[in-house]
Every structure is written in C-alpha cells, then in structure tokens.
*Asks:* 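One structure follows; several queries about it will come next.
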Amino acid sequence: MAGSASMSVAVGARAAPPATRDAPAVRWTLTAIALAFLALFLVLPLVVVFAEAFREGIGAYLASFDDPDALAAISLTLLTAAVAVPLNVAFGICAAWAITKFKFPGRPLLVTLIDLPFAVSPVVAGLIFVLVFGLQGWLGPWLVARDIRVIFAVPGIVLATLFITFPFVARELIPLMEEQGTEEEQAAMTLGARGWTIFRRVTLPNIRWALLYGVILCNARAMGEFGAVSVVSGHIRGRTNTLPLHVEILYNEYSFVAAFATASLLAVLAIATLVLKSLVEYRIQRQVARASAGAAGREALP
Amino acid sequence: MARIKIVNPFKRRPGRIPGFGLTLGVTVSYLSLVVLIPLLGLVIKTAELSWGQFWGTISNDRVLASFGLSVGGSLVAATVNLVFGFVVAWVLVRYSFPGRRIVDALVDLPFAMPTAVSGIALTALYARTGWLGGPLDALGVKAAFSRLGVVIALIFIGLPFVVRTLQPALADLESEIEEAAASLGAGRVQTIRRVIVPAVLPAVLTGFALAFARAVGEYGSVVFISGNMPMRTEITPLLIITKLEQYDTAGATAIAVVLLGFSFLMLLAVNMLQLWSTARSR
C-alpha cells in the first residue's frame, strides 16, 4: 500500500500566500506535535532494536551470528526472496502490460483481484495454503503418497511469500503505464519494431524506476514477512526458519541479545529500503513531470 | 451471406500492440494459481462445515472476545492515527523545516520493518523495564501485556496508511480556494473546517478504512506486546494459529472466513470511497 502514495511523497511545501498561511505559533505547535508523535512511535522502536542488540557489547552482538541456525535462517530468507521477487516481477510486468495497453471486459475486476492479497490478513494467507497442501487439505493425501512436503517445508514458505508479495510490482507499474499511454509503442510499431523489441527499447526505459521501486518494496516484504510464513513453516530450526521466525524463536527463549541482534539485520534492511525508496521516488517524480509536460505539449499542437 | 466490410482508407487504424494474449494469459493463470485457487480452498473448506459447527465456533466466548479486541482496538488505533496522521500529513505538505525529507521517508518505516521486529521492539520499549514502560508503570499504567499494548502496536502499523493517503489530497488542494475563503472574510479555523476538511474527507475516510482493515488482520507486531491472555488480550489472527496448532482445522477455517469476509467488506468500502472521490473531483 505504500505504492498508492508513492507519487505523493516529498511534495514540496508550497509557498502559500500570507492570507492562507498558518500563524507561526500554530506552525510551530503542529510541527512539534507531529515530530513528537513520530519520535515516539517510529524513532524510538527503531533505536531500541539497536540499543538492545548492543546491550552486552559488540562481542555478544557478533557472537549471535556465530550460530548455524542463524546462518541457515539468513540463507533461507535470501532463497525465498530470490524466488519470490523475480516471479512477481515477471507477473507484474505481464499484468501491467495487459491492463494498461488493452481495453477488455473485466479489467477493473482484474485490478481489484491483484490488490486482494493486501486486504487479506497474513495469518489467513498462511492458512489457505495449509488447507490446500496440509495433511487434511485437498492435495494432502496425494502429496503424502508421493512423499512431497509443502507445508512445514521450504515450498510452503515460498508459496506464502509469493501470495503476500504478489501485488507490489504490478501496482507500481499500472498507474505509471496508464499515464504514459500507448503512443510511443504505436510509433515503434509504425517503424517496424516487434513485440519484444518494443518492450525492451521503448517501454522498459520508461518504467525502469517504477519497476525498481516495486522490486525494492517486494523484496523488503519477501524478506520480512512473518505472519503468513509463521503459519506454514512449522518452525523447524535450521530447516524452515526465515530470519523473522528466527527472531521470534530466540525471543521466546529469552535470548534477547541474539533476538535483537538478528532483528537489527532486518532493521538495517528496512532502513536501506527506505533510503533506496526515497531516491527512486525522486527519479519517478522527475519522470512523471516530464511525461505530463510532454502530454501537455502534444495537446497544445493543432 | 458474406458481409462486406467497408474500410475507409484515409482513416488509418492504429495497429494493435502485440502481446495481449500472452500477458493476459500469464496474468490470469498466475493470479489463479497463487491467489484465487488457494482462497477458493478456504471457501470450499468452510462449505464442508455444518452451520451448527460454524456458528458454534464463532459464537464461542473466547472467539467473540477476540473479535471485540481486534475490531475495538483497531477502531481506537485508527482514530488516533486519523488525528495525528492528519497533523503529520499537514506538517509534511504545508511546512518546510530542516530534515523534512528524512521525516517523510521515515513515515514508511512500519511498512518496511518486518512486523516481528516491530513487535519485539515495541515490547522492549513498553515493558516494565523499558524506556517508556518504566515511567508509565510509575504512573500506574500497564502498557505492555495489556489491551493498551495491543492498541499501541496497531497505531504503529496503521500510521503510514493515513499519512500516505492524506498527503496527495492535501497537496492537490487549490490554494485559490483557500484564498477565496480568506478574502471573503473566513478566519483560518473556519477555512479549515468549511473548506479544507470537506475537500479531503474522502481521503481521510479512505486512510481510516485502510488503517482499520490492516489492524484487524495484523499479527506480527501485536503478538509479542499483547501477552496473549485468552478473553483479555488475545487477537483474532492469533486465535486462528492457536486452533491450527491444536489440529482444529475446522475451527481455524471458520474464524478465518469471518476475517476474510471482513477484509472483502473493507476492500469494497475503500473502492466505493475512491469512486466517490473521483466523482467529486470531476
């Protein structure tokens, strides 16, 4: 859902004319309230992760990673993201292409369905895969007969992550490609370009920043998902634990330093995500500004 | 009888962009495999339950208490976010101050931070030994492991929804309208109440609905701070997991269907709000 707001972020404070400007006292008070609220609810929780992680010094912090289960959790998290992100990128591009370049019945319904995973509780998302692949599920007996494990195994974790991160790329691309229209692709066709060439040489350069933005969000969620993965994983140490699940296990065992040390890795990932996201947003804004300036120019022609 | 199609040679039809069949095919197949068929599985599993079984599960006291906490706590959290989210969005859009871009980027932290990390961080902060829990405890307020803790976690998780929905609406306000109101003699408060608030009302309600919907289904950031006492601080998503761990698949399914139905209602509400807002802006 961060996506819906992507275009709006960092809108400059416009210089309001004096008649409509808030009095300085009001301005200062509101700014103070806003900053205090954000400090309380956003900054403090972020700071406390690192404070707790380094509570017993850097030695204890580093020792937390000297654990085969922690390393297994890191590699499973990386594997999950490495499967989920490319699949959802491919899907996102296909969905955005079909939805924005063509008109067909059921188009609004398709857009709504793509957003569906955002509306579903992560726990319910995990449960539906248990109901399909679990022992008492649809395919359960069939899978048992063939000795294939999905639930409480890596495939289940990947499937749940796919579901949760499904909309991220598509919903970044759809509004942008809708805005850009099909004129440039039409022009490329007139010049004799074929499908793949049109995409690679015309469309892709136009959407690359939004695509990158979607990838960043998708990746952050894929690595950080907890609820859905928790339901399907079975919490088998060293086998089906992703980083967030490893944090939970350590925490519940009262290994607080190790839990927060592992959590600090994920917090660094979150901060990196925010920084990259801001940088990419800046590029997208410039691109949108250019696109709308171009559109205005075309309309001005007789 | 063969029909003769008359083509006007001077009206050049734009060629069709290729790839419709391929991309739509991939989209619909992948959507079906990953999202629709598994969701359908939940519905079919529910249909296997008898009405008495279904009703018996969801009218159980413990389940009803969890609905009350999840819905009630989410309403309180979304209301708090409505007030403070409005102030934050207003300050970020209207005022300029050093570090504004950093503050703006930080608003997305609850999206970017894995919920398990947020959960243990909030618990460490609000537990009796924590930076905020200690002073609160001295005042006689128990924050962590109480309903207040649940609300705190839900405020954290819902904030970006309100701020990010409001920001574009506030930025789109034409300053001319405010100027007109001011030049007609409206005071600042009157301008805000009669001009600005009605204009951004759809965005306000959308942000509220998104924050509320997310909070009802939230799991990771809540389970650590809530203490998970049945009847008192047990949220509905946790109860689903508890039922699953007790191999009560039918019970888990029944509760999940209620939660899913609620999600659909909220999705519908948000879509209606969006239609309303586009209709108004035309």
Side-chain angles (χ1 to χ4, degrees), chain A residues 2 5 8-11 13 16-17 19-20 27 30-31 33-34 37 41-42 44-45 48-49 52 91 94-95 97-98 101-102 113 116-117 119-124 127-129 131-132 136 138 162-163 166 182 185-186 189 195 220 224 226-227 244 247-248 251 263 266-267 270 273-274 278, chain B residues 14-15 17-20 23-24 26-27 30-31 34-35 38-39 41-42 45 84 87-88 91 93-97 101 104-106 108-109 111-118 120-122 124-125 155-156 164 167-168 171 175 178-179 182 217 219-220 237 240-241 249 252 256 259-260 263 267:
Chain A
S8 65
V9 175
V11 182
T20 56
R27 205 159 68 219
L30 288 182
T31 310
I33 292 175
F37 183 77
F41 276 94
L42 300 184
L44 272 181
V48 89
V49 171
E52 293 285 330
F91 158 75
C94 283
W97 185 272
K101 304 292 178 200
F102 308 97
L113 287 178
L116 203 56
V120 175
S121 167
V123 171
V124 176
L127 175 72
I128 58 177
F129 289 102
L131 293 182
V132 174
Q136 299 168 6
W138 277 358
L162 275 181
F163 179 96
F166 180 80
T182 58
E185 283 81 6
Q186 302 275 13
M189 278 184 62
F226 175 67
V247 170
E248 182 196 22
Y251 187 86
L266 292 166
T273 302
L274 292 183
S278 303
Chain B
I17 295 176
F20 179 64
T23 53
L24 189 67
V26 169
T27 304
Y30 186 71
L31 179 74
V34 176
V35 177
L39 273 177
L42 179 66
K45 201 82 185 172
F84 287 95
V87 175
V88 170
V91 167
V93 172
R94 289 303 178 95
Y95 308 154
S96 122
F97 53 91
R101 285 190 67 112
D104 193 289
L106 194 67
D108 278 331
L109 183 73
F111 286 147
M113 191 112 115
T115 53
V117 178
S118 317
I120 63 169
L122 289 169
L125 207 51
I155 292 174
F156 173 85
R164 292 304 187 219
Q167 270 180 320
S175 57
E178 274 174 78
E179 279 164 37
Y219 172 71
I240 295 177
I241 291 193
T249 314
L259 218 50
L260 193 66
S263 303
L267 198 65

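Chain A is the first sequence line, chain B the second, and so forth, proteins listed ahead of strands; every chain is numbered from 1.
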*Asks:* Might you point out which heavy atoms bring A/S278 and B/A105 nearest each other, and give the distance in Å?
*Replies:*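 Smallest interatomic distance, heavy atoms only, reads OG-CB, 3.2 Å.
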*Asks:* In terms of heavy-atom pairs under 4.5 Å, which option from A/T273, A/L30, A/V132, A/V49 contacts chain B the most?
*Replies:*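 Max contact count across the listed options: A/L30.
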*Asks:* With the side chain counted from C-beta on, respond yes when A/V123 and B/L259 share a heavy-atom pair under 4.5 Å apart, and no when they do not.
*Replies:*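 Result no, sub-4.5 Å side-chain heavy-atom pair not found.
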*Asks:* Is there a side-chain contact between A/L274 and B/F111, using heavy atoms and a 4.5 Å cut-off?
*Replies:*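 When only atoms from C-beta onward are counted, B/F111 and A/L274 do not touch, as no gap falls below 4.5 Å.
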*Asks:* Is it the backbone or the side chain of B/T115 that comes under 4.5 Å from a heavy atom of chain A, or both, or neither?
*Replies:*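 Both backbone and side chain.
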*Asks:* Could you tell me which portion of A/V247 (side chain, backbone, both or neither) has an atom closer than 4.5 angstrom to a non-hydrogen atom of chain B?
*Replies:*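 It is the side chain, since no backbone atom gets that close.
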*Asks:* I need the residue from B/L267, B/L260, B/V117 with the largest number of non-hydrogen atom pairs under 4.5 Å to chain A.
*Replies:*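 Result: the option with the highest number of such pairs is B/V117.
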*Asks:* Specify the closest pair of heavy atoms between B/T27 and A/C94, including all atoms of both residues, with the distance to one decimal.
*Replies:*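 Looking at all heavy atoms of both residues, the shortest contact is OG1-C, 3.5 Å.
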*Asks:* Quick one: ring pair (Phe, Tyr, Trp, His ring centres under 6.0 Å) partners of A/F41, sequence neighbours excluded?
*Replies:*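 Ring pair (Phe, Tyr, Trp, His ring centres under 6.0 Å) check on A/F41 returns A/F37.
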*Asks:* For chain B, which candidate among A/L162, A/L131, A/L113 shows the most heavy-atom pairs at distances under 4.5 Å?
*Replies:*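 Of A/L162, A/L131, A/L113, A/L131 has the most heavy-atom pairs under 4.5 Å with chain B.
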*Asks:* Do you know the tightest heavy-atom contact between A/M189 and B/P18?
*Replies:*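 Taking A/M189 first and B/P18 second, the nearest heavy atoms are SD-CD, 3.8 Å.
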*Asks:* Measuring from atom CG of B/L42 to atom CZ of A/F129, what distance do you get when rounded to the nearest 0.5 angstrom?
*Replies:*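 CZ of A/F129 is found 11.5 Å from CG of B/L42.
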*Asks:* Under 4.5 Å heavy-atom distance to chain B, tell me which part of A/P117 shows up: side chain, backbone, both or neither.
*Replies:*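 For A/P117, the contact with chain B is made by the side chain alone.
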*Asks:* Applying side chain to side chain donor-acceptor pair (under 3.5 Å), name anything that partners A/E248, two or more places apart in sequence or on another chain.
*Replies:*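 So A/E248 forms a side chain to side chain donor-acceptor pair (under 3.5 Å) with A/H235.
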*Asks:* Heavy-atom cut-off 4.5 Å, strictly under: side chain, backbone, both or neither for B/F97 against chain A?
*Replies:*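 Contact with chain A: side chain only.
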*Asks:* Hey, which of A/F102, A/W97, A/F226, A/Y251 has the most heavy atom pairs under 4.5 Å with chain B?
*Replies:*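 Option with the top pair count is A/F102.
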*Asks:* Shortest non-hydrogen contact from B/F156 to A/L42?
*Replies:*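 Here B/F156 and A/L42 meet closest at CE1-CD2, 3.9 Å.
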*Asks:* Name the region of A/V120, side chain, backbone, both or neither, that has any atom closer than 4.5 Å to a heavy atom of chain B.
*Replies:*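 Looking at A/V120, backbone and side chain both touch chain B.
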*Asks:* Minimum heavy-atom separation for B/L125 and A/P45, please, with both atom names.
*Replies:*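 That would be CD2-N, 3.8 Å.
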*Asks:* Would you mind checking which part of B/I120 comes under 4.5 Å of any heavy atom in chain A, side chain (CB onward), backbone (N, CA, C, O), both or neither?
*Replies:*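 Both parts, heavy atoms under 4.5 Å.
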*Asks:* To check you understand the geometry: which heavy-atom pair defines the closest contact between B/Y219 and A/G227, and what is its length?
*Replies:*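 Result for this residue pair: CD2-CA, 3.7 Å.
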*Asks:* What's the separation between atom CZ in A/F91 and atom CG in B/L31, rounded to the nearest 0.5 Å?
*Replies:*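 Result: 6.0 Å between the selected atoms.
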